[in-house]
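Source: prediction; values computed, not measured. Numbered from 1 within each chain, the chains take letters A, B, ... in sequence-line order.
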Amino acid sequence: MTQQGVRWTADQVLALAPDAASRNASGELAAAGPWSEVGSSDEGTVWGLCKGSGSQPYQTVVDISDASGPAYKCGCPSLKSPCKHVLGLLLLWADGDGVVPEAKAPDWAERCTAQLRERTREKRTADSSGPAAGIADPEAARRRAEQRAGRITAGATELEQRLTDLLRGGLAGAEQAGYELWEEMAARMVDAQAPGLASRVRELGAIPSSGSGWPVRLLEECALLHLLDQGWLRREHVPDGLAATVRSRVGLSASADGPPVRDRWLVLAQYDTADARLTTRRIWLYGARTERAVLLLSYGAAGRAPEPALPVGLALDAEVSAYPGAGQRRAALGGQFGPPAPTELRPTGMTTAEAAVRYGEALRDDPWLESVPVTLEQVVPVPDGADWQLADAGGDTALPLPPAAGHRPGLWRLVALSGGAPVKVFGECGHRGFTPLTAWPAGPGPAVALC
Amino acid sequence: MTRTPAPADAPVPGVWEELVTSALLGTDRRTPPGCEPGPRAPAALLDAAAAETVRRRAGLCPARAARRPEPAPKDPRPPLPAAAARRLTMLLADRPGPAGGGRRGAAPDLMELLPQWLATANARGFAAPPQTVPALLDAARGRTDLRPAALTFAGPRSLWLARLNPDWRFALRATPGGGTALPGPEATERVRRLWEEGLFAERVALLASLRAGDPVAARDLLASTWTTERAEDRLMFLDSLRTGLEPPDEPFLEQALADRSRNVRATAAELLSALPASALATRMAARAMTCVSLDRALDPPAIAVEAPHECDAGMERDGVVAKPPSGRGERSWWFGQLLEAAPLGTWSARLGGRTPEEIVALPVTDDWRSDLHAAWCRAAVRQRDGAWARALLGAPTAPEAGGPGAVSLAERAKLLGTLGAAERAEWVAGFIATHGLSEAFQLLGMCGVPWAPPLGRAVVDALNIARDAGSYPWSFSGVMGLAERCLDPSEASRLDGLLAIPDETEDASPGAGGYWAEAFQRLVRTLRLRAAMAEEMGAG
């Protein structure tokens, strides 16, 4: 599949950037000055020589012929991927003002392209043969799974003990107990190979002294953690869908084995959250035909952008497959049948009351669910004391925004876009309130990312 | 979200509260409701709490809507073309690189192009995309030089937003009519209410907007509460009269000369002196006249100066500050203030019917020349007197124009401000052709953008000369930066010859040629980018 004639937008390029510093640096390189021998071919490669600090210019090549994502190679020593040279070159090309002419690739670029394509092919083969290789010894795999389940059971049992001790002595003591206690407990859950339990425990540690009402929040989270422990310990006795949810909540990874669903998937939102080790990327897609929102989760080591990068406002013709678990939103991106392209498409929305019901119903399948993806139709951002809410234009009900949202630039973009008039807003709706992620003006106009 | 339990099969009220209490105190001390005391109690409490938590979350209902803000006023301007909107987003997202980066690279500095982009957008009358307004407000907040253009472009929605976010209050202050949806003359009652109850920023804005349309009403409004205002507020209100100052303002200002606050008195005096026909200006003229005379006994005749020997109460009432700053003689201090406030029209008759040029050319006795000329410079700027400014500026090619003289470069820059754009550009072009670039920065800043062709040519020629002289380009980074922003984009092609790295001559600084090539590349690229930006807005 070639991308001839489909130039990317600058947004599409910048969405690839691993961090803000790279984005800024790439802007500086998005001018003809440091570049020579730049060109692009109609097979979907872009190349150029970029003058760096060394004596030899860096050879930079990007292959965008594969719809599932670009492959790139640059001679610079940067550890970031993609580096600023790749981004700068793509920006230069996306600009489309003739700086990057259609040309025949020079030898060095040909060689790089061939290497890139070889690498992609190898990866494909590895991907498709990977699981097969794993099943080569089903007996060993079963033994490994059993061992891990045993460890998780020991971890969950220990955690139950810890929770009952806590409740016996009273939560009031938790404020004095300090964070180390929870950290140690979380480390034990990591040892027990239950990362889902570990992260919940770590979050428990942050609740004491987290502002008024913390005992209520701590009791809620302790109770839900207890529920998850019990779900795991009695997983043989709960319905299959719920058991799958419990397994995934505990942290047992499964592969997306749902049937592939082909649709025009509108990119509703993309945002990254990062800690010291890991960048997590969430992309919400909305199927034009299926009218369903699915979540693509991807991870990147710190400093590396997770893939793929899908800017808000584009739509892609592709297949996605759901992960196992009742009410599961997470899906994996399968085959793509064309590059992402701008779209006028918007998701259909609902009222605030319907959104609250949607969340309540989703809890039936997954009681640990923090929020559900929801598009609100015709809502107005309204200040409510120090906080904000989204109020139905035609009614007197509203969903509050989480207090922290008031300090984000996204909120102000939303308020400015609305100007007191109804807008359409996509976001995550849960027990903490509604977190807006993308909005559309009442009249015609592109989607505005709020995250 | 309000925590309203679902109405269907609602549990006994207070169950959750009791669970929380037991959890806080511990099951050893408080047995949770519906449980047996003993070792099973904590698990039973967790079971009950889990059920309650899920029930509470599942039963959440939306909250009641708070009072909605008034919708933002309509912005009738046409929307920005899509390409220009993308460009704006990039310009606003560009943050200055890491500090202390030293040498400027070869890439354009986007943030520096924002002012021009805004000017073009405003000239074409486009409306800002609403979602960009917060970023525009943030940019305007950080850079006061950007404020007027950014706020104009951001339009009525920016004022609507500023009322919702205290961080952007400055916008209400900075914009005439700040977010008051302009109460017209028919809305007298609204004006009065806002004037009496509004925030200070809103009142200043109201006064400014009213003054633009109906100066009499604005003055009446100000006079109605004048005596009850705080001193610092009086000062700010008075300052707002600076725009559109006119003879009918005199009685009010004259009254303010007796104000309790010294700063208010001084500002009133300053404003009155900018009205050459005012009584204060006449009084100052009379005082100044006694200090300056023509000594015809000398050949050629010269100006004789007799500075005042005291600062009397009348002078102080007219705004003369009695105490000089340290290091300044009292008499020269008083003399400067008198001359500065006296109408320039006085001098021709006093000094033998001479023109300003002839007066400036006269010798001055006893080293008073620099005091006298500096005071006249301030007067020419204050009274916006082009003829006197021209005379004091002198010929740009004169040797003393480039060096320290009676009139400093800063004063020359201010004097230039009173001349028309074409004359200004021509003067600065002449100055650069004679004196080079090292002193030109301040003067260039006074010239209209894009630079007129002769000025642009003079700057490029001078840069070329500086390069050939073997210096480094960063000695000229200020002018280079200005050139990037101010040179007419159509000049880009004329710079092509400067982009190559020249062969290094013996006396050149090592590597300078390469850095110059880089600096010129950056200049050309910035010019091309500016041309592209203009094209995106259909301003070709």
Side-chain angles (χ1 to χ4, degrees), chain A residues 9-11 24 27-34 97 160 163-165 167-173 215-216 219-220 222-224 226-227 352-353 355-356 359-361 363-364 367 380 382-385 389 391-392 395-400 409 412-413 415-417 419-421 431 433 441 448, chain B residues 1 6 19-20 22-29 41-43 45-47 49-50 52-54 56-72 86 90 93-95 97 105-108 110 129-135 138 157 160-161 164-165 518 521-522 525 529 532:
Chain A
T9 64
D11 286 344
N24 290 345
E28 286 185 16
L29 289 170
D97 57 4
E160 277 297 276
L163 285 174
T164 46
D165 286 353
L167 267 300
R168 188 171 296 119
L171 298 181
V216 169
L219 178 58
E220 283 178 341
C222 283
L224 288 175
H226 163 75
L227 190 64
T352 54
Y359 174 63
E361 285 173 352
L363 286 176
R364 273 206 298 251
V380 185
V382 176
D384 180 20
Q389 50 173 229
D392 285 313
D396 60 354
T397 52
L399 290 175
W412 289 106
R413 278 207 293 281
V415 175
L417 182 74
H431 60 93
V448 174
Chain B
M1 212 171 288
L19 287 173
V20 173
S22 301
L24 260 177
L25 298 175
T27 53
D28 281 356
R29 260 165 290 182
L45 169 59
L46 283 168
D47 282 342
E52 269 306 293
T53 299
V54 178
R56 276 154 51 86
R57 289 187 179 179
L60 284 171
C61 293
R64 276 199 86 74
R67 211 170 62 83
R68 274 146 228 222
E70 290 268 310
R86 275 198 298 279
M90 284 188 86
D94 192 51
R95 287 281 167 270
L110 295 183
Q131 65 273 19
T132 63
V133 171
D138 281 340
R157 196 156 293 199
W160 180 85
L161 264 186
L164 294 170
N165 187 340
E518 191 179 271
Q521 279 169 16
R522 181 186 158 99
R525 259 195 270 131
L529 189 58

Set out, in order, the CA-CA distance, both residues' side-chain angles and the distance that settles side chain to side chain contact (heavy atoms under 4.5 Å, CB included) for A:Leu224 and B:Val54, then state yes or no.
CA-CA 8 Å; A:Leu224 288 175; B:Val54 178; 3.9 Å; yes
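- Put simply, the side chain of A:Arg413 never gets that close to the backbone of B:Pro130: no donor and acceptor are under 3.5 Å apart.
- Taking the salt bridge (charged side-chain N to carboxylate O under 4.0 Å, His left out) definition, one finds that A:Arg168 meets it with A:Asp165, sequence neighbours left out.
- A:His431 approaches B:Leu60 most closely through the heavy-atom pair CA-CD1, 3.6 Å.
- Top candidate by heavy-atom pairs under 4.5 Å with chain A, chosen from B:Asp47, B:Leu45, B:Leu19, B:Thr132, is B:Asp47.
- Taking CH2 of A:Trp412 as the reference point, atom CG of B:Asn165 lies at 4.0 Å (rounded to 0.5 Å).
- With a 4.5 Å cut-off on non-hydrogen atoms, B:Leu24 touches chain A through its backbone and its side chain both.
- Contacts between A:Val415 and chain B at a heavy-atom distance below 4.5 Å involve backbone atoms as well as side-chain atoms.
- The two atoms that bring B:Ala65 and A:Ala398 nearest to each other are CA-CB, 3.8 Å, heavy atoms only.
- In this structure, B:Arg67 and A:Val382 have side chains that are not in contact, with every pair of non-hydrogen atoms separated by 4.5 Å or more.
- Taking CZ of B:Arg57 as the start and CD of A:Glu220 as the end, the distance is 5.0 Å to the nearest 0.5 Å.
- With values rounded to the nearest 0.5 angstrom, B:Glu52 atom CD is found 10.0 Å from A:Leu219 atom CG.
- The shortest heavy-atom contact between B:Leu161 and A:Ala416 is CD1-CB, 3.5 Å.
- For B:Ala72, the side-chain contact (heavy atoms from CB on, under 4.5 Å) partners two or more places apart in sequence, or in a different chain, are B:Arg157, B:Trp160.
- A:Ala421 does not touch chain B: none of its heavy atoms, backbone or side chain, sits under 4.5 Å away.
- If you measure heavy-atom distances from B:Ala23 to chain A, the contacts under 4.5 Å come from both the backbone and the side chain.
- A pairwise comparison of heavy atoms in B:Pro62 and A:Ala356 identifies CD-CB, 4.0 Å as the closest pair.
- Each of A:Thr397, A:Leu363, A:Val448, A:Val380 has some count of heavy-atom pairs under 4.5 Å with chain B, and the biggest count is that of A:Thr397.
- Taking chain B as the reference chain and counting heavy-atom pairs below 4.5 Å, the highest number among A:Gly170, A:Gly419, A:Pro441 is found for A:Gly419.
- Residue with the most contacts toward chain A among B:Asp28, B:Leu25, B:Val20: B:Asp28 (heavy-atom pairs, distance under 4.5 Å).
- Between B:Pro134 and A:Pro409, every side-chain heavy-atom pair lies at or beyond the 4.5 Å cut-off.
- The distance from the CG atom of A:Leu163 to the CG atom of B:Leu46 is 6.0 Å, given to the nearest 0.5 Å.
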